[in-house]
Student: 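Structure in structure tokens, see below.
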Amino acid sequence: MIRVSIENLDKHIGEEVKISGWLYNKRSSGKIRFLVVRDGSGLLQSVIVKGNVTDSVFDLFDTITQESSLSVFGKIKKEERAPGGFEMEVTNVEIIHLAKEYPITPKEHGVEFLMDHRHLWLRSSRQHAVLRVRHQIIKAIREFFDNRGFVLMDAPIFTPAACEGTSTLFETDYFDLGKAYLTQSGQLYGEAGAMAHGKVYVFGPTFRAEKSKTRRHLTEFWMVEPEVAFNDLNDNMELAEEFLEHIVLSVLKHRQPELKILERNTKFLETVKKPLPKITYDEAIEILKKKGIAFEWGNDLGGTDETVISEQFDRPVIVHRYPAQVKAFYMKRDPQNPKLALAMDVLAPEGYGEIIGGSQREDDYDTLINRLDEHKLPHAPFEWYLDLRRYGSVPHAGFGLGIERTVGWICGLDHVRETIPFPRMIYRLNP
RNA sequence: UCCGCAGUAGCUCAAUGGUGGAGCAUCCGGCUGUUAACCGGAGGGUUACAAGUUCGAGUCUUGUCUGCGGAGCCA
């Protein structure tokens, strides 16, 4: 008898098949009994009727525990009453491993308990759905760049020094070379890649040692960072909106069942089409002032400010041309107004905050030297970076998209900790 | 680092300063279409830890620990 996946059951109606998986739940009404089996691809309700199986198989129902691994054998039929629309008429059951008492019951649990059992929680339907959406998002990201001639370029995880000070970096000993730091961005390396390949994207984990304690922060998270030679800020914003449109469309197209499990209202996703609204930093401040929020020009937008601004739109909004003083040294100034940086952030709707941050980069050698001095940064660690301005410097731009915040937004979750299999936060290193 | 909230059965939560309970899970029994099935029964407690107030503390006070949310910082 062939073993099939639950997701492919529609191709096996009327056939005798074998399904191997784990017991998700069981119910009974005396002489008729229901085993709900999950195999990773879906859920199947299998029915054991007294008389259709041997007594020993019928009695297995009493001993089998939640999350025991097993194979069920029987004929597949369409069944409206069953979750998923298909059902198995069981002829035989084989237990592979009888599970001990499973800690996560089909009832409510608190976050702490679930996080302590994250390795098991991943089996629950909501978590299962989130990680499938995450996979789809990552797949769509790679598709988008691969189809546009970008080259994937991995940046190092160990870095010699900070690009914006060491206070937010994790430090580790590195043999005889002193200290190494875990990367907080692959961008500078991406710029080197763009000068070699024209269009690259860096996709990897990044680390922040900030003691952030909010629903938007992890100490270890994934970021994808495209960098394109000859692009200016407008090209950069255009790339970002086409990128977001592609990601969201891909999820809407391929992950409807998951979005349904997550009870995600897709109304806020269907609007994500190019062009996205674009406002300047000054216009963003006007919005805040109209809402009666005190705000001083020159400050960065805080979490609540971002929420207020994004609530004015039914789709992600791009805010560009921030005060240079709150942005990184490598961002190019606006020739029209040197107080502004050619920076842009994308704020997700519904208060999900900044999912993209990017800019056109400073491509002039002398200006970049001045920026390093203004930010009181040493020159030596950046000599290789300055070389990019010594040898055929060109205008270029790029951005970084935070995977977990994007997953949280698309799934409609209230905390990024559920968007990654094993989240790392200040007070959580296990499991 | 700062501010706020919380910690009671394996889990989720009740309990006016006066004998610590319920649902789920576990175990036993019942039920031929269940949907977090349902019905009956049983077992299960150092009320986070330490000290204090009181005739009497899960409840009030102080300290410690842990978790959650927020601020700052950021994606």
Side-chain angles (χ1 to χ4, degrees), chain A residues 24-36 43 45-52 58 61-63 65-67 79-85 87 89 99-117 120-121 124-126 164-165 167-169 183-187 204-225 240 299-307 326-328 345-348 351-358 399-409 414-417 419-420 425-428:
Chain A
Y24 193 71
N25 198 3
K26 65 176 183 179
R27 292 183 287 270
S28 161
S29 183
K31 301 289 185 291
I32 181 165
R33 297 172 164 187
F34 302 89
L35 295 175
V36 180
L43 289 177
Q45 173 166 287
S46 50
V47 189
I48 307 175
V49 177
K50 179 111 176 152
N52 288 8
F58 190 77
F61 182 92
D62 294 325
T63 55
T65 50
Q66 187 186 354
E67 287 300 322
E79 174 54 66
E80 291 296 321
R81 288 171 290 188
E87 190 174 79
E89 293 169 342
K100 298 193 187 310
E101 189 180 332
Y102 193 65
I104 302 177
T105 63
K107 278 277 181 179
E108 296 167 35
H109 296 283
V111 174
E112 184 188 356
F113 177 82
L114 290 169
M115 273 299 167
D116 285 341
H117 296 84
L120 301 177
W121 191 21
S124 302
S125 61
R126 276 185 64 88
E164 294 152 67
S167 62
T168 63
L169 296 179
T183 182
Q184 61 174 2
S185 166
Q187 184 213 308
T206 48
F207 307 87
R208 302 281 166 90
E210 291 144 1
K211 292 189 173 178
S212 298
K213 202 167 157 27
T214 81
R215 62 184 67 201
R216 302 185 307 279
H217 288 87
L218 299 169
T219 55
E220 176 185 311
F221 65 98
W222 287 70
M223 193 153 66
V224 59
E225 302 175 281
N299 290 341
D300 205 354
L301 300 173
T304 42
D305 303 324
E306 288 181 354
T307 302
V326 297
K327 290 294 182 183
D345 285 354
V346 180
L347 309 181
Y352 282 97
E354 183 184 343
I355 51 172
I356 284 180
F399 59 82
L401 171 119
I403 300 301
E404 287 72 21
R405 285 189 185 174
T406 304
V407 175
W409 160 54
D414 63 4
H415 202 302
V416 290
R417 66 185 156 209
T419 64
I420 186 167
M425 297 173 286
I426 356 176
Y427 295 122
R428 180 162 296 278

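What you see below is based on every heavy atom in this structure, not just the backbone, and it leaves out hydrogens, waters and symmetry mates. A note on names: the letters A, B, ... follow the listed sequences, proteins ahead of strands, and every chain is numbered from 1. Being a predicted model, the structure only gives us computed values, none of them experimental.
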Student: Quick one: which of B:rC74, B:rU66, B:rA71 gets closest to the side chain of A:Lys213?
Tutor: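 Out of B:rC74, B:rU66, B:rA71, the nucleotide with an atom closest to A:Lys213's side chain is B:rA71.
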
Student: Over all strands shown, is A:Phe113 touching base, sugar-phosphate only, or nothing at heavy-atom distances under 4.0 angstrom?
Tutor: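 Sugar-phosphate, backbone atoms only, no base.
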
Student: Any strand counts, and the cut-off is 3.5 Å on both contacts for Watson-Crick or G-U wobble. Which nucleotide pairs with B:rG58?
Tutor: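 Partner of B:rG58: none found under 3.5 Å.
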
Student: Classify the ring geometry between A:His109 and A:Phe113 as parallel (under 30°), tilted (30 to 60°) or perpendicular (over 60°).
Tutor: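 Answer is parallel, since the angle falls under 30°.
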
Student: How far does the C1' atom of B:rG7 sit from the matching atom of B:rU47, given to the nearest Å?
Tutor: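 About 10 Å, rounded to a whole number of Å.
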
Student: I need the CD-P distance between A:Glu354 and B:rG72, as an integer number of Å.
Tutor: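 The distance from CD of A:Glu354 to P of B:rG72 comes to 13 Å, rounded to the nearest Å.
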
Student: Got a donor-acceptor pair under 3.5 Å from the side chain of A:Ser212 to the base of B:rC73?
Tutor: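 Answer is yes: a donor-acceptor pair is held.
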
Student: Mind checking the C1' distance from B:rG44 to B:rG23? Whole angstroms is fine.
Tutor: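 One C1' to the other, the span is 15 Å.
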
Student: Give a yes/no on whether any side-chain N or O of A:Arg417 is located under 4.0 angstrom from OP1 or OP2 of B:rG69.
Tutor: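 The answer is yes; a side-chain N or O of A:Arg417 sits under 4.0 Å from OP1 or OP2.
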
Student: With both distances kept under 3.5 Å, what pairs with B:rU12, Watson-Crick or G-U wobble?
Tutor: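 B:rA22 - that is the nucleotide pairing with B:rU12, both distances being under 3.5 Å.
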
Student: Below 4.0 angstrom from OP1 or OP2 of B:rU1, is there any side-chain N or O of A:Lys211?
Tutor: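 Yes, A:Lys211 has a side-chain N/O under 4.0 Å of OP1/OP2 on B:rU1.
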
Student: Using a cut-off of 4.0 Å on non-hydrogen atoms, how would the nucleic acid contact of A:His415 be classed: base, sugar-phosphate, or nothing?
Tutor: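 Contact class for A:His415: sugar-phosphate only.
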
Student: Specify the separation, in whole Å, of atom CZ of A:Arg215 and atom P of B:rG67.
Tutor: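 So the two atoms are 18 Å apart, to the nearest Å.
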
Student: B:rC24 and B:rG67: how far apart are their C1' atoms, nearest whole angstrom?
Tutor: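 Comparing C1' positions in B:rC24 and B:rG67 gives a spacing of 23 Å.
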
Student: To the nearest angstrom, how far is A:Asn52 atom CG from B:rG33 atom P?
Tutor: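 Atom-to-atom, A:Asn52 to B:rG33, this comes out as 14 Å.
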
Student: With a 3.5 Å cut-off and just heavy-atom distances, do the side chain of A:Gln45 and the base of B:rU34 make a donor-acceptor pair?
Tutor: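 Pair found.
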
Student: Suppose you measure atom P in B:rU61 against the same atom in B:rC5; what distance do you get, rounded to whole Å?
Tutor: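 Their P atoms lie roughly 12 Å apart.
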
Student: Taking B:rG30 as the reference, what is the distance to B:rU66 when you measure between their C1' atoms (whole Å, please)?
Tutor: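 That atom pair is separated by 44 Å.
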
Student: Mind checking A:Leu218 for me? I need base, sugar-phosphate or nothing, with any heavy atom below 4.0 Å counting as a touch.
Tutor: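 Base, at least one base heavy atom under 4.0 Å.
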
Student: Does a nitrogen or oxygen in the side chain of A:His217 sit under 4.0 Å from OP1 or OP2 of B:rG70?
Tutor: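 For B:rG70, neither OP1 nor OP2 has a side-chain N or O of A:His217 closer than 4.0 Å.
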
Student: Does A:Arg33 count as lying over the ring of A:Phe58, i.e. NZ or CZ under 6.0 Å from the six-ring centre, within 45 degrees of the axis?
Tutor: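 The answer is yes, since A:Arg33 meets both limits relative to A:Phe58.
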
Student: Paired with B:rG72 by Watson-Crick or G-U wobble geometry, both distances under 3.5 Å: which nucleotide is it?
Tutor: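 By the stated definition (distances under 3.5 Å), nothing pairs with B:rG72.
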
Student: So does A:Glu87 reach the base of B:rG33 with its side chain, donor to acceptor, closer than 3.5 Å?
Tutor: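 Answer yes: a donor N or O sits under 3.5 Å from an acceptor.
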
Student: If you measure from the C1' atom in B:rC60 to the same atom in B:rG17, how many Å do you get, rounded?
Tutor: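 That atom pair is separated by 8 Å.
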
Student: Determine the contact category for A:Tyr427: base if any of its heavy atoms lies under 4.0 Å from a base atom, sugar-phosphate if only primed atoms, P, OP1 or OP2 are that close, otherwise nothing.
Tutor: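 Since only primed, P, OP1 and OP2 atoms lie under 4.0 Å of A:Tyr427, the category is sugar-phosphate.
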
Student: Can you find a donor-acceptor pair, distance only, under 3.5 Å between A:Arg33 side chain and B:rC31 base?
Tutor: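 Side chain to base: no pair present.
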
Student: Determine the interatomic distance between P on B:rA42 and the same-named atom on B:rG21; round to the nearest Å.
Tutor: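 B:rA42 and B:rG21 have their P atoms separated by 14 Å.
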
Student: Distance check needed: B:rA71 P versus A:Arg216 CZ, whole Å only.
Tutor: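 It is 6 Å, rounded to the nearest whole Å.
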
